[in-house]
**Q** 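Below are the structure tokens for one structure; questions will follow.
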Number of protein chains: 2
Amino acid sequence: MTRAPSPPASAQRVTSLDVSREAGVSQSAVSRAFTPGASIRPETRRRVLEAAQRLGYQPNAIARSLVTQRSGIVALIVGELHNPFYPQALSKFAQALEARGKRALLLTHDARRDVQETLDAARSYQIEAAIVFPTRLTATPPTLGHVQGGGVPVLLFNRHLPGHQLLSVACDNHAGGRLAAQVLLDAGARRPAFIGGDPDTSTHQDRLRGFTERLAEAGLRPVAAPSRAFQYDWGVQATLHLDATGTRPDAFFGANDIVAIGVLDALRTLGRRVPEEVSVIGFDNIDESARLAYRLTTIGQPLDAMIEDALRALEDPQPVDGPRLHAPELIWRDTVAGTGP
Amino acid sequence: MTRAPSPPASAQRVTSLDVSREAGVSQSAVSRAFTPGASIRPETRRRVLEAAQRLGYQPNAIARSLVTQRSGIVALIVGELHNPFYPQALSKFAQALEARGKRALLLTHDARRDVQETLDAARSYQIEAAIVFPTRLTATPPTLGHVQGGGVPVLLFNRHLPGHQLLSVACDNHAGGRLAAQVLLDAGARRPAFIGGDPDTSTHQDRLRGFTERLAEAGLRPVAAPSRAFQYDWGVQATLHLDATGTRPDAFFGANDIVAIGVLDALRTLGRRVPEEVSVIGFDNIDESARLAYRLTTIGQPLDAMIEDALRALEDPQPVDGPRLHAPELIWRDTVAGTGP
DNA sequence: CTGAAAGCGCTTACAG
DNA sequence: CTGAAAGCGCTTACAG
């Protein structure tokens with residue numbers, strides 16, 4: 001079997017043409033050798049693969065994308081990653097994507113620019129879908145109001161936009177809010193407070209609504225307390241402020257774990273004992289909530305299931321009818337009075 | 001000015017050819033209109049841009065990459081993101097990349113597979129560089145031992161591999177270790193312990209070496225303590241174990257903040273008062289270390305400078321001579337006795 | 001099963 | 001400043 005000479009060392013990239021010469025086959029054959037299920041004799045494939053190995057050849061995914069019209073790229077659009085819930089989701093998404101032979105293009109957005117800009121930039125890479133993590137987004141336009149995929153499906157993770165036609169996957173925050181109320185009620189709370197996050201987000205709103213609803217069924221209503229941001233500092237500040245103004249809730253529901261941890265730290269500063277004097281519950285079940293210093297009882301989100309569902313939803317496009325909700329789960333630890341469920 | 005008819009609605013993507021027809025110019029002109037600095041009459045560019053706007057056209061970055069041989073894509077390779085130091089670095093990298101007109105391709109690796117595999121997968125996307133975050137890597141082959149960029153520069157962030165020709169950017173951990181010792185010495189420590197992370201990493205080794213060295217200058221040596229992992233649980237466990245075996249250090253240097261926070265929580269469990277009875281210092285200055293419950297004194301890494309330097313190093317390829325080190329900075333809080341520097 | 005050829009959507013000499 | 005044409009590295013009908 002005669003072989004064509006190897007390509008000159010000056011050649012930068014080794015291409016399928018180089019390999020075809022090395023293997024003594026056509027360039028098409030090289031392509032087929034790298035295409036699972038392609039019609040090619042096993043022996044030919046073997047020869048090609050060996051030649052490729054010798055030359056250090058690897059198919060060019062960019063060129064492939066151009067002709068197949070499928071880039072295999074999914075955009076992950078994130079803002080700040082201060083809430084540890086998101087990095088965790090992010091790396092799990094990247095892994096799940098890889099397991100499906102896809103790649104994650106990581107893009108950032110900030111509060112000042114419209115997400116649309118970021119999305120457009122992503123679209124030039126022929127992304128097959130975009131997942132946006134609304135770490136800094138509010139529901140009000142222009143930030144997220146009119147996002148247009150322009151042909152590519154866009155999914156909002158952990159948030160939904162009432163009245164908009166965006167795919168979205170989230171935890172059933174309304175049910176989670178109810179669950180939090182239930183847990184606090186069972187612990188004997190009579191004056192529970194909700195320390196909210198960004199009041200303009202569905203996560204905040206749904207959790208509050210569920211919480212309030214369940215409390216009402218027990219003839220109670222949450223202690224009046226302000227909302228502001230899903231941040232540690234805010235949890236601390238809100239709790240201190242409440243105390244300073246003479247409001248002493250006997251239980252706290254933090255809009256997420258970061259806020260609840262702030263509440264816990266503020267309570268410690270105030271010398272109030274948890275859970276003996278006051279119960280605290282959070283939302284998300286981030287790593288930090290399991291620390292010995294906190295042992296925060298919280299409502300966990302079924303992250304893996306949510307991610308699988310998100311990817312599935314993106315794969316077969318069907319009309320959006322409301323957010324895809326996942327049941328939350330109580331994570332019992334040490335910050336709520338009683339012995340648990 | 002006569003116009004060619006608009007492309008049929010059936011056409012999936014709108015291409016530069018569609019725009020050229022809409023604008024009544026050549027396809028080359030469309031390309032030039034989107035190329036900053038290209039030789040094109042302002043009026044022509046305006047016409048093209050308007051036509052593009054009408055048609056919703058956006059240049060195809062994939063096609064562009066193919067011809068320019070520059071993808072504009074940089075791979076970010078991460079493992080687990082349990083240490084919050086990494087997500088923070090990750091999002092800052094993504095932002096810094098975008099500021100330079102580049103994109104971040106996010107890839108994951110796990111401890112079982114060789115990073116080489118992940119890198120090869122990334123290479124098929126014609127990445128211009130790869131940055132690996134060694135969140136799960138040890139220095140021993142095969143995991144990281146023989147990584148070959150195969151033409152693309154590879155940079156290790158926050159770690160270096162002695163004797164290997166990989167670019168790397170890190171904090172000067174040796175100096176940081178010395179600094180930690182200095183701080184503890186100033187606080188009057190006589191029996192300081194180092195609670196190590198993964199002993200097989202340069203971060204661990206360099207910090208320990210600096211720490212030991214400075215201690216030796218003061219005629220001291222660290223209390224014998226085991227090392228294992230850069231994890232919260234390990235910090236807790238190691239501290240508890242030390243205490244159970246009758247070893248009572250008067251100061252702790254946690255190999256990173258996560259470990260130091262574990263130490264702090266364990267100390268609290270043991271009823272030992274910080275910093276009155278025992279001082280604790282960490283490394284990294286992650287968000288969590290500033291929580292009221294911890295107020296951890298720590299050695300901060302100059303993250304922004306490190307990221308800029310990493311990107312710069314990747315841009316102009318020059319022979320590697322050792323890791324590029326950045327000076328650490330003492331973050332004084334409440335876990336070390338005394339009034340600070 | 002195999003190869004020659006067209007074409008994916010751009011950029012970039014080249015000639016005008 | 002502009003257009004026609006070649007070509008980036010692949011995949012995929014098409015014909016054998």
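Note that these values count all heavy atoms, side chains included, but never hydrogens, waters or copies made by symmetry. Protein chains get the first letters and strands the later ones, always in sequence-line order, with residue 1 at the start of each.
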**Q** Which part of the nucleic acid, if any, lies within reach of A:T68 when heavy atoms closer than 4.0 Å are counted: base, sugar-phosphate only, or nothing?
**A** sugar-phosphate
**Q** Whole angstrom is fine here: how far is it from CZ in A:R13 over to C1' in D:dC10?
**A** 12 Å
**Q** Check the pair A:Y125, B:Y125 against ring-ring contact (aromatic ring centres under 6.0 Å, His included), reporting the backbone distance first and the verdict last.
**A** CA-CA 11 Å; A:Y125 279 88; B:Y125 279 89; 10.0 Å; no
**Q** Using whole Å, report how far OH of A:Y125 lies from P of C:dC8.
**A** 22 Å
**Q** Using heavy atoms to find the nearest nucleotide of DNA chain C for A:V25 and B:T35 separately, return the residue whose nucleotide is more 5′.
**A** A:V25
**Q** Looking only at side-chain N and O atoms, does B:S16 come under 4.0 Å of OP1 or OP2 in C:dC10?
**A** yes
**Q** Considering every strand and a 4.0 Å limit on heavy-atom distances, what is the contact class for B:T44: base, sugar-phosphate, or nothing?
**A** sugar-phosphate
**Q** Yes or no on salt bridge (Lys or Arg N to Asp or Glu O under 4.0 Å) for B:R312 and B:E315, after CA distance, side-chain angles and deciding distance?
**A** CA-CA 5 Å; B:R312 211 174 307 124; B:E315 270 162 12; over 6 Å; no
**Q** Which residue, A:S31, A:S71, A:P59, forms the side-chain contact (heavy atoms from CB on, under 4.5 Å) with A:R64?
**A** A:P59
**Q** How do A:N60 and B:P42 order along DNA chain D: which one's closest nucleotide is nearer the 5' end?
**A** B:P42
**Q** For B:A38 and B:L66, find the nucleotide of DNA chain D closest to each by heavy atoms; which residue's nucleotide sits nearer the 5' end?
**A** B:A38
**Q** Can you check the distance between D:dG16 and D:dT12, where both ends of the measurement are the C1' atom (answer in whole Å)?
**A** 16 Å
**Q** Select base, sugar-phosphate, or nothing to describe what B:Y57 touches, counting heavy atoms under 4.0 Å on all strands.
**A** sugar-phosphate
**Q** Dump the pairs, protein N or O against N or O of nucleotides 4-7 of chain C, anything under 3.5 Å, distances to one decimal.
**A**
unit_1	atom_1	unit_2	atom_2	d
C:dA4	N7	A:S28	OG	3.3
C:dA4	N6	A:S28	OG	2.9

**Q** Expressed in angstrom and rounded to an integer, what is the separation of B:R45 atom CZ from D:dT2 atom P?
**A** 10 Å
**Q** To the nearest angstrom, how far is A:R123 atom CZ from C:dG9 atom P?
**A** 15 Å
**Q** Give the nucleotide from the list C:dC10, D:dT2, D:dC10 with an atom nearest to the side chain of B:R64.
**A** C:dC10
**Q** What integer distance in Å separates B:I62:CD1 from D:dT11:P?
**A** 14 Å
**Q** When both hydrogen-bonding distances must be under 3.5 Å and the geometry is Watson-Crick or G-U wobble, what is C:dG3 paired with, if anything?
**A** D:dC14
**Q** Should the ring pair A:F157 and A:F85 be called parallel, tilted or perpendicular, given that the plane angle runs from 0 to 90° and is split at 30 and 60?
**A** parallel
**Q** Hey, is CD on B:Q53 packed in by over 12 heavy atoms from elsewhere, all under 6.0 Å?
**A** no
**Q** Once you round it to whole Å, what is the distance between C1' of C:dT11 and CZ of B:R70?
**A** 14 Å
**Q** Nearest whole angstrom, please: distance from the P of D:dC8 to the CG of A:D18.
**A** 11 Å
**Q** Can you establish whether the number of heavy atoms outside B:R70 located under 6.0 Å from its atom CZ is more than 12?
**A** no
**Q** Keeping the roles fixed (side chain from A:R32, backbone from A:R41), state whether a donor-acceptor pair exists under 3.5 Å.
**A** no
**Q** Under 4.0 Å between a side-chain N/O of A:Q69 and OP1 or OP2 of C:dG9, yes or no?
**A** yes
**Q** To the side chain of A:S39, which of C:dC1, D:dG3, D:dC10 is closest?
**A** C:dC1
**Q** From D:dT12, C:dT2, D:dG9, pick the nucleotide closest to the side chain of A:I40?
**A** C:dT2
**Q** Measuring from the side chain of B:R41 (C-beta onward, heavy atoms only), which nucleotide among D:dG9, D:dT2, D:dT11 has the closest atom?
**A** D:dT2
**Q** Name the one of A:I77, A:L311, A:L156, A:V154 that satisfies side-chain contact (heavy atoms from CB on, under 4.5 Å) with A:I131?
**A** A:L311
